[in-house]
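Here the structure is laid out as structure tokens; the discussion comes afterwards.
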Protein chains: 2
Amino acid sequence: MSQSETIRDAILDAAEARARAAGYNGFSFRELAADVGIKSASVHYHFPTKSDLAHELMERYRTKALDFLGEPASADAALDRIVLLFRQAALESEMCLCGALGVSSAALPPLVQTSAARFSRTLVDWLKHAPDAGRDLPFPPEAIVALLEGALLLSVTARDPAFFERATLPLNP
Amino acid sequence: MSQSETIRDAILDAAEARARAAGYNGFSFRELAADVGIKSASVHYHFPTKSDLAHELMERYRTKALDFLGEPASADAALDRIVLLFRQAALESEMCLCGALGVSSAALPPLVQTSAARFSRTLVDWLKHAPDAGRDLPFPPEAIVALLEGALLLSVTARDPAFFERATLPLNP
DNA sequence: GTCTATAATTTGATAGAC
DNA sequence: GTCTATCAAATTATAGAC
């Protein structure tokens, strides 16, 4: 936790790391509290319920992704950028939060279900609205996002970042 | 549970359904026991620990997949077959067990980590050894499996089976 | 805002009777 | 093989003092 960070942000940072590694049922208020250096009752002060926390976590993750992606000048640039977004995760063997939560969508609180689904839709829409996307993208936006998410999932499953590169070769023409 | 099924198989059936919906931390011995109609102590008789159960579950899932895939006569036939394997899951909004467990690989018992990784490697190898795979497959085997797994993951996340079809269009030339 | 204390429930796992 | 009974630990969440 950096000096100028609020406690809320520090809690979300800890939650993001743990949720990406272990999913919705894989982190607890006590663990987050210990990570941040407070007690679990204080975490509940900032986020009354676990679904509140996960929902806000997912929305923050979506905003951060859009900030990173920016406004691409071309379809090629957009493709490069979104590949980089997933490659960075693969290099650290960290799953995408959307996949980490969405994989158990059926077992999630409704609010979290919705925000996980919104993340993937946001990525597809962002690709779809890149300049000349319809003409210059090598595949439909849905296929590109699915390939990236699947390549990351399997590289995490195999604990082998190199798998990501082999699986995404078709995106480098 | 069908008449000729052993209790072991019935337990594994219940575990498969719950693990695919909610992941490794998303099912309990008590829930499986209730599904099958016995007590949790009896489940422990058949599977001493949870990692024993999940490991055997993952291995059975892999064997069933290989049985379904069979021995394809051509690369085209292999591609059709593996697409069908994932499409069936997508139509029921059921995640692949490998993805459901592997997504939290870092939090899994070592034995389960290994068997989840083995499943995805098995699919890639199966595609790789299809007749004339190197010449006739439209993409590298890693890319095909990643695209299928990612398309399924996002269709489950979005609770929209149609997403799977849009994302896998590049596999239907 | 953070704490102590605790409630109510669930979890994986074991002992021992039958 | 299945059961009852139980344990020790962990879970989400709340009440109320400071």
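Fair warning: this is a prediction, and the values are worked out from it, not measured in the lab. Labels below follow one simple rule: chain letters A, B, ... track the order of the sequence lines, proteins then strands, and each chain is numbered from 1.
- A cation-pi geometry, defined here as NZ or CZ lying under 6.0 Å from the six-membered ring centre and within 45° of its normal, holds between Arg81(A) and Phe68(A).
- Side chains of Ser115(A) and Arg62(A): a donor-acceptor N/O pair is absent below 3.5 angstrom, by distance only.
- In the set dT11(C), dA13(C), dT11(D), the nucleotide with an atom closest to the side chain of Glu31(B) is dT11(C).
- Picking from dT2(C), dC3(C), dG12(C) the nucleotide with the shortest atom distance to the side chain of Ile7(A) gives dT2(C).
- Just one residue in the list Arg8(B), Arg60(B), Arg18(B) forms a side chain to side chain donor-acceptor pair (under 3.5 Å) with Asp13(B), and that residue is Arg60(B).
- Distance Arg18(B) CZ to dT10(C) P: 13 Å, rounded to the nearest Å.
- Taking atom OH of residue Tyr24(B) and atom C1' of nucleotide dT11(C), one finds them 12 Å apart after rounding to whole Å.
- Cation-pi check for Lys50(B) over Phe27(B) is met; the charged atom lies under 6.0 angstrom from the ring centroid and within 45 degrees of its normal.
- Rounding to whole angstrom units, CZ of residue Arg30(A) and C1' of dC3(C) are separated by 13 Å.
- Between Glu16(A) and Lys64(A) there is a salt bridge, since a side-chain N of the basic residue sits under 4.0 Å from a carboxylate O of the acidic one.
- Near DNA chain C, defined here as any heavy-atom distance below 4.0 Å, the residues from residues 41-57 of chain A are Ala41(A), Ser42(A), Tyr45(A), His46(A), listed numerically.
- Rounded to an integer number of Å, the gap from Ile11(B) CD1 to dG1(D) P is 11 Å.
- In this structure, the nucleotide among dT4(C), dT11(D), dA13(C) sitting nearest to the side chain of Phe29(B) is dA13(C).
- Taking 4.0 angstrom as the limit, Ser28(A) places none of its side-chain polar atoms (N or O) nearer than this to OP1 or OP2 of dA10(D).
- By the 30° and 60° cut-offs, the orientation of the rings of Phe29(A) relative to His44(A) is parallel.
- One atom, CG of Asn25(B), and another, C1' of dT12(D), lie 15 Å apart when rounded to the nearest Å.
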